[in-house]
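What follows is a short report on a single structure.
Basis for what follows: all heavy atoms, side chains included, without hydrogens, waters or symmetry-related copies.
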Amino acid sequence: MGKEKALHPLTIRYTMFMLGLLVMGFGIAMMIEANMGVAPWDTFHIGLQKTFGLTIGMWSQIVGLVIIFSSYAIGKIKPTIGMFLNMFFFGLFIDMFMWLEWVPKGETLIQRAICFGAGLLIYTCGTGMYLSPRLGAGPRDSFMLALNDRLGWSIQKVRLGIEITVTILGFALGGPVSIGTLVTALSIGPLIQRFIPMWERLMRKPYGIAAPKEQAHV
């Protein structure tokens with residue numbers, strides 16, 4: 001009985017983690033279908049898909065895997081279970097929703113803008129869900145932390161440099177860059193910051209799960 005109680009909080013944390021990835025995948029699929037621009041990394045993934053084939057989700061997985069090992073090589077950031085779950089399932093969920101065609105497709109500019117805005121809110125809500133269990137940094141933020149440690153630059157400077165680089169690369173490969181890219185870049189951080197406390201309170205209150213001291217990242 002004691003063993004079941006010890007495992008229960010961890011089960012809840014991983015369930016919330018996976019649900020968050022699922023919601024994030026749906027949000028990204030909505031933003032892609034709205035065709036108004038996407039976040040820098042997704043611009044890169046779409047560019048790779050248009051240039052070399054495969055699917056957007058597969059490229060998300062491949063890039064994530066490369067980043068995990070690059071982070072270890074550059075900054076000795078050891079891979080975690082959370083990193084690999086993030087890398088695999090986030091890409092899988094994006095492809096699943098694109099394949100199922102459950103995502104609404106707006107025909108007019110207003111409809112597309114609504115779909116994009118809804119997708120952005122769903123994605124950031126899912127990110128808050130995924131981060132609330134505090135199961136570790138995702139591949140892309142691990143890479144950011146590795147560069148921060150190796151170069152000695154501020155987190156903000158490293159993140160900006162990475163996002164500008166992947167946006168340029170994605171655009172060169174045919175990825176979408178539009179007003180939605182700018183909106184995402186400016187709003188994603190503040191929105192996630194609002195959702196995280198809400199989900200962390202939900203996790204702690206009914207289940208008594210205290211958040212660890214270390215910081216978690218997307």
Quiz item: Counting heavy atoms not belonging to Leu100, are there more than 12 under 6.0 Å from its CG?
Solution: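 More than 12 heavy atoms, drawn from other residues, nucleotides or ligands, come within 6.0 Å of this atom.
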Practice problem: Assess whether atom CG of Leu182 is packed by more than 12 heavy atoms of other residues, nucleotides or ligands within 6.0 Å. | Solution: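 Yes - once you tally the heavy atoms of other residues, nucleotides and ligands closer than 6.0 Å, there are more than 12.
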Do side-chain atoms of [X] reach the backbone of [Y] as a donor and acceptor pair under 3.5 angstrom?
{"X": "Ser71", "Y": "Phe143", "answer": "yes"}
{"X": "Thr43", "Y": "Gly175", "answer": "no"}
{"X": "Gln61", "Y": "Phe88", "answer": "yes"}
{"X": "Ser60", "Y": "Ile56", "answer": "no"}
{"X": "Gln111", "Y": "Thr108", "answer": "yes"}
{"X": "Arg112", "Y": "Met36", "answer": "no"}
{"X": "Trp199", "Y": "Cys125", "answer": "yes"}
{"X": "Arg150", "Y": "Ile74", "answer": "yes"}

Rounded at 0.5 Å granularity, tell me how far [atom1] in [X] sits from [atom2] in [Y].
{"X": "Thr124", "Y": "Arg194", "atom1": "OG1", "atom2": "CZ", "result": "11.0 Å"}
{"X": "Asp42", "Y": "Gln49", "atom1": "CG", "atom2": "CD", "result": "12.0 Å"}
{"X": "Glu33", "Y": "Asn35", "atom1": "CD", "atom2": "CG", "result": "8.5 Å"}
{"X": "Met83", "Y": "Leu65", "atom1": "CE", "atom2": "CG", "result": "12.0 Å"}
{"X": "Met87", "Y": "Arg140", "atom1": "CE", "atom2": "CZ", "result": "9.5 Å"}

Self-check item: Ring geometry between Phe89 and Phe93 (parallel below 30°, tilted from 30 to 60°, perpendicular above 60°)
Solution: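 Geometry flag for Phe89 against Phe93: tilted rings.
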Practice problem: Evaluate the ring planes of Trp59 and Phe52, with Trp represented by its six-membered ring, and classify them as parallel (under 30°), tilted (30 to 60°) or perpendicular (over 60°). | Solution: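 The arrangement is tilted - the two ring planes meet at 30° to 60°.
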Should [X] and [Y] be counted in the same cluster of Ile, Leu, Val, Met, Phe, Trp and Tyr side chains packed under 4.5 Å apart?
{"X": "Leu120", "Y": "Leu109", "value": "yes"}
{"X": "Met30", "Y": "Ile114", "value": "no"}
{"X": "Ile68", "Y": "Tyr72", "value": "no"}
{"X": "Ile32", "Y": "Phe171", "value": "no"}
{"X": "Met31", "Y": "Val177", "value": "no"}

I need the minimum non-hydrogen distance between [X] and [Y], along with the two atoms involved.
{"X": "Phe17", "Y": "Pro133", "value": "N-CG, 3.7 Å"}
{"X": "Ala29", "Y": "Val103", "value": "CB-CG2, 3.7 Å"}
{"X": "Phe44", "Y": "Val63", "value": "CE2-CG2, 4.0 Å"}
{"X": "Gly25", "Y": "Ile94", "value": "CA-CG1, 4.0 Å"}
{"X": "Thr181", "Y": "Pro176", "value": "OG1-O, 3.9 Å"}
{"X": "Asp95", "Y": "Gly57", "value": "OD1-N, 2.8 Å"}

Less than 4.5 Å apart, side chain to side chain, heavy atoms only: is that true for [X] and [Y]?
{"X": "Tyr130", "Y": "Asn86", "result": "yes"}
{"X": "Leu191", "Y": "Thr127", "result": "no"}
{"X": "Met98", "Y": "Thr55", "result": "no"}
{"X": "Leu54", "Y": "Leu48", "result": "no"}
{"X": "His45", "Y": "Val38", "result": "no"}
{"X": "Arg13", "Y": "Leu135", "result": "yes"}
{"X": "Val183", "Y": "Phe116", "result": "yes"}
{"X": "Tyr14", "Y": "Leu85", "result": "yes"}

Quiz item: Please walk me through it: do Ser132 and Met16 pass side chain to side chain contact (heavy atoms under 4.5 Å, CB included)?
Solution: CA-CA 8 Å; Ser132 64; Met16 180 64 80; 3.5 Å; yes
